Asker: 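Take a look at the following structure, please.
Note that the coordinates shown come from a computational prediction; the quantities given were computed from them, not determined experimentally.
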Amino acid sequence: MFDSSPGFEPEAFASYAYPRVLDPQLAQLLEAQRVARGPVDRYALPFPEARLQLLQERRLGQTGEPAMQSIETSGLQVADRWVGLRWYHAGPAEADAVALVYLHGGGWCVGSNDTHDTVLRHLAVASALPVCGVDYSLAPEHPFPAALDDVRAVVDELLARHPRVVLAGDSAGANLVLAEAMRRRDAGAGEGIAALLLFYGVYAPLRESGSCAAYGGGQFGLSVAAQRRYLDAYLPTSASADARVFPLLGRLHGLPPAYLLAAELDLLLDDSVRLHHAMAAAGSRSVLRVCAGMNHGFLNHANLLGAAAGALREAGGFAAAVAGSL
């Protein structure tokens, strides 16, 4: 259906010239955001303050669109933690529908259903599926594997009420999605996952070359320093080689069909490209879209950025096609 662009074959990494040109419309949005933010560096703030700052930044582009027929909130008790759930219904809710479960990004330390409200709305429209956003537990208050435990409990609960689920997420959320899909495959319960939507995710340890070297200085947003800070807050040292943290270290056979979306100007670009080829080599179906001129997190501008809205339409269409074939 979709595939990687020319030049993204594994052997091309050594000679690939990483672009430096930001999409003009996105550049205007980021400049307006910078002016509104002032001198604050969100990536350097203590995490409780960073969470509030991220929400303030995201609300600049949140318009309550696309409109939903209904939005419902609920939750689930997992150990001593309350995991909030938010359901987005673009049309009439069907009790036996395939559900789309969304795990937000934010380095396992920030982010929420509130910060990703725009993405959740667009996916609900594009997929025509009920979309459930998950407010999983955040580090450093709840380090690895708390978030994974939350995700497992939520998916268990939803599969008791829905025939199948599509798992979707961005950045750290995509990391959690893939780790949960691999866990269910290994447990012999993978048939409940219909498809994966993986948006500019974390799949491997940081590298000193490739996209990490090209974009790691933070000129387009996320930096290597910020990513290291997130990893340090999320991970105990003993988990640094754990495939539940870095799925590219694990086995990638027998996974559901996956739609991978990558931002061209993102230090995590190579993670998505390498995952795409590794899944194909393992016999899993994987398709990849690399969005030119885009940076990490660009999907959250979908109400103001045509490329982001188009990418979410395509991803939602992939989920709808898979759900419709069941």
Asker: Measure from the side-chain N and O atoms of Gln69 to the backbone N and O of Ala90, and report whether any donor-acceptor pair falls under 3.5 Å.
Answerer: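 No; zero donor-acceptor contacts below 3.5 Å.
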Asker: Pick one: which of His116, His296, His104 meets side-chain hydrogen bond (donor to acceptor under 3.5 Å, both in side chains) with Asp170?
Answerer: His116
Asker: Do Asp270 and Cys212 touch side chain to side chain, with heavy atoms closer than 4.5 Å?
Answerer: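 No, side chains not in contact.
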Asker: Quick one: does Leu299's side chain get under 4.5 Å of Leu305's, heavy atoms only?
Answerer: no
Asker: Under the 3.5 angstrom rule, does the side chain of Ser171 hit a backbone N or O of Gly106 as a donor-acceptor pair?
Answerer: no
Asker: Do Leu167 and Leu178 have side-chain heavy atoms sitting under 4.5 Å apart?
Answerer: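 In short, these two side chains do not touch, never coming nearer than 4.5 Å.
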Asker: Over all heavy atoms of both residues, which pair between Phe47 and Pro140 is shortest? Give the atoms and the distance, please.
Answerer: CD1-CD, 3.4 Å
Asker: Is Leu206 close to Leu231 at the side-chain level, that is, under 4.5 Å between some pair of heavy atoms?
Answerer: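 They are in contact (side-chain heavy atoms under 4.5 Å apart), so the answer is yes.
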Asker: Can Asp135 and Ser112 be counted as having a side-chain donor-acceptor contact under 3.5 angstrom?
Answerer: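 Result is no, nothing qualifies.
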Asker: Could you go through the side-chain hydrogen bond (donor to acceptor under 3.5 Å, both in side chains) check for Ser137 and Asp150 one step at a time?
Answerer: CA-CA 7 Å; Ser137 301; Asp150 292 352; 2.6 Å; yes
Asker: Closest approach of Leu269 and Ser211, non-hydrogen atoms and distance?
Answerer: N-OG, 3.7 Å
Asker: Could you walk me through whether Val165 and Leu100 pass the side chain to side chain contact (heavy atoms under 4.5 Å, CB included) check?
Answerer: CA-CA 6 Å; Val165 299; Leu100 192 155; over 6 Å; no
Asker: Heavy-atom distance under 4.5 Å between the side chains of Tyr203 and Leu268, does that happen here?
Answerer: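 No; the side chains remain at least 4.5 Å from each other.
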Asker: Is the ring centre of His162 less than 6.0 Å from the ring centre of Trp87?
Answerer: yes
Asker: Could you check whether Glu141 pairs with Arg51 (Lys NZ or Arg NE/NH1/NH2 to Asp/Glu carboxylate O, under 4.0 Å)?
Answerer: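 Yes.
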Asker: How long is the span from the CG atom in Leu255 to the CZ atom in Arg184, to the nearest 0.5 Å?
Answerer: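 Spacing of CG (Leu255) from CZ (Arg184) equals 13.5 Å.
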Asker: Which heavy atom of Ala302 sits nearest a heavy atom of Ala308, and at what distance?
Answerer: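 Looks like CA-CB, 3.7 Å.
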Asker: Which atoms form the tightest heavy-atom contact between Gly316 and Leu123, and what is the distance?
Answerer: N-CD2, 4.1 Å
Asker: Run Val202 and Gln227 through side chain to side chain contact (heavy atoms under 4.5 Å, CB included) and show every step you take.
Answerer: CA-CA 10 Å; Val202 184; Gln227 186 66 7; 3.5 Å; yes
Asker: Please answer: with hydrophobic residues joined when any side-chain heavy atoms are less than 4.5 Å apart, are Leu45 and Leu222 in the same cluster?
Answerer: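 Leu45 and Leu222: separate clusters.
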Asker: Heavy atoms only: give me the nearest Arg229-Tyr43 pair and the separation to one decimal.
Answerer: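 Closest approach of Arg229 to Tyr43: NH1-O, 2.6 Å.
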Asker: Is it the case that over 12 heavy atoms from other parts of the model lie below 6.0 angstrom from the CD atom of Gln77?
Answerer: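 Count over threshold, so yes.
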Asker: Is the shortest heavy-atom distance from the side chain of Val119 to the side chain of Tyr102 under 4.5 Å?
Answerer: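 A side-chain contact exists here, since the closest heavy-atom pair is under 4.5 Å.
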Asker: Looking at side-chain heavy atoms only, is the closest gap between Val110 and Tyr230 below 4.5 Å?
Answerer: yes
Asker: State the CG-CG distance between Leu85 and Asn113, to the nearest 0.5 angstrom.
Answerer: 8.0 Å
Asker: Closest approach of Ser325 and Val322, non-hydrogen atoms and distance?
Answerer: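 Closest approach of Ser325 to Val322, heavy atoms only: OG-O, 2.7 Å.
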Asker: Grouping I, L, V, M, F, W and Y whenever their side-chain heavy atoms are under 4.5 Å apart, do Leu249 and Leu275 come out in a common cluster?
Answerer: yes
Asker: For the pair Asp117 and Arg121, evaluate salt bridge (charged side-chain N to carboxylate O under 4.0 Å, His left out) and give the outcome as yes or no after the intermediate values.
Answerer: CA-CA 6 Å; Asp117 178 77; Arg121 289 172 180 269; 2.7 Å; yes
Asker: Any cation-pi pair here, Arg81 with Tyr136, using under 6.0 Å and within 45°?
Answerer: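 Arg81 over Tyr136 ring: no.
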Asker: Decide yes or no on side-chain hydrogen bond (donor to acceptor under 3.5 Å, both in side chains) for Glu49 and Gln53, but give the supporting numbers first.
Answerer: CA-CA 6 Å; Glu49 295 175 32; Gln53 179 65 32; over 6 Å; no
Asker: Starting at CG of Leu312, measure out to CG of Leu261 and round the result to the nearest 0.5 Å.
Answerer: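 CG of Leu261 is found 8.0 Å from CG of Leu312.
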Asker: Enter the distance from Arg185:CZ to His253:NE2 here, rounded to the nearest 0.5 Å.
Answerer: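 If we round to the nearest 0.5 Å, Arg185:CZ and His253:NE2 are 4.5 Å apart.
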Asker: Taking atom SG of Cys132 and atom OH of Tyr88, what is their separation to the nearest 0.5 Å?
Answerer: 10.0 Å
Asker: For the pair Leu103 and Leu176, evaluate side chain to side chain contact (heavy atoms under 4.5 Å, CB included) and give the outcome as yes or no after the intermediate values.
Answerer: CA-CA 7 Å; Leu103 307 179; Leu176 296 171; 3.7 Å; yes
Asker: Using the side-chain hydrogen bond (donor to acceptor under 3.5 Å, both in side chains) rule, take Ser70 and His89 through it: C-alpha gap first, then chi angles, then the decisive distance, then the call.
Answerer: CA-CA 5 Å; Ser70 66; His89 299 281; 4.5 Å; no
Asker: Check the orientation of Tyr18 and Tyr16. Use parallel for under 30°, tilted for 30 to 60°, and perpendicular for over 60°.
Answerer: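 Rings of Tyr18 and Tyr16: perpendicular, over 60°.
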Asker: Should Ile193 and Arg164 be marked as a side chain to side chain contact (heavy atoms under 4.5 Å, CB included) after you check the CA-CA gap, both sets of side-chain angles, and the distance that decides it?
Answerer: CA-CA 6 Å; Ile193 311 302; Arg164 305 280 286 279; over 6 Å; no
Asker: Please answer whether the main-chain N or O of Gly297 pairs with a side-chain N or O of Asn300 as donor and acceptor at a distance below 3.5 Å.
Answerer: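 Side chain of Asn300 to backbone of Gly297, a donor-acceptor pair under 3.5 Å: yes, one is there.
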Asker: Could you walk me through whether Arg152 and Asp149 pass the salt bridge (charged side-chain N to carboxylate O under 4.0 Å, His left out) test, one step at a time?
Answerer: CA-CA 5 Å; Arg152 177 176 58 188; Asp149 291 342; 3.4 Å; yes
Asker: Check for a donor-acceptor pair, side chain of Asp271 on one end and backbone N or O of Ala204 on the other, with a separation under 3.5 Å.
Answerer: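 Indeed, once roles are kept as given, a pair shorter than 3.5 Å links the two residues.
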Asker: Do the side chain of Gln33 and the main chain of Gln28 share a donor and acceptor less than 3.5 angstrom apart?
Answerer: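 Checked: no pair found.
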Asker: Would you say Asn175 and Trp108 make side-chain contact, with heavy atoms under 4.5 Å?
Answerer: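 Side-chain contact under 4.5 Å: yes.
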Asker: What's the separation between atom NE2 in His277 and atom OG in Ser272, rounded to the nearest 0.5 Å?
Answerer: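 It comes to 11.0 Å.
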Asker: Is Leu29 linked to Leu55 within one hydrophobic cluster, defined over Ile, Leu, Val, Met, Phe, Trp and Tyr using a side-chain heavy-atom separation of less than 4.5 Å?
Answerer: no
Asker: Should Arg86 and Glu72 count as an ion pair when the cut-off is N to O under 4.0 Å?
Answerer: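 Here Arg86 does not pair with Glu72 in a salt bridge, since their nearest N and O are not under 4.0 Å apart.
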Asker: Check the orientation of Tyr234 and Phe144. Use parallel for under 30°, tilted for 30 to 60°, and perpendicular for over 60°.
Answerer: perpendicular
Asker: Might you work through the side-chain hydrogen bond (donor to acceptor under 3.5 Å, both in side chains) test for Thr63 and Asn303, ending with a clear yes or no?
Answerer: CA-CA 7 Å; Thr63 61; Asn303 285 338; 3.1 Å; yes
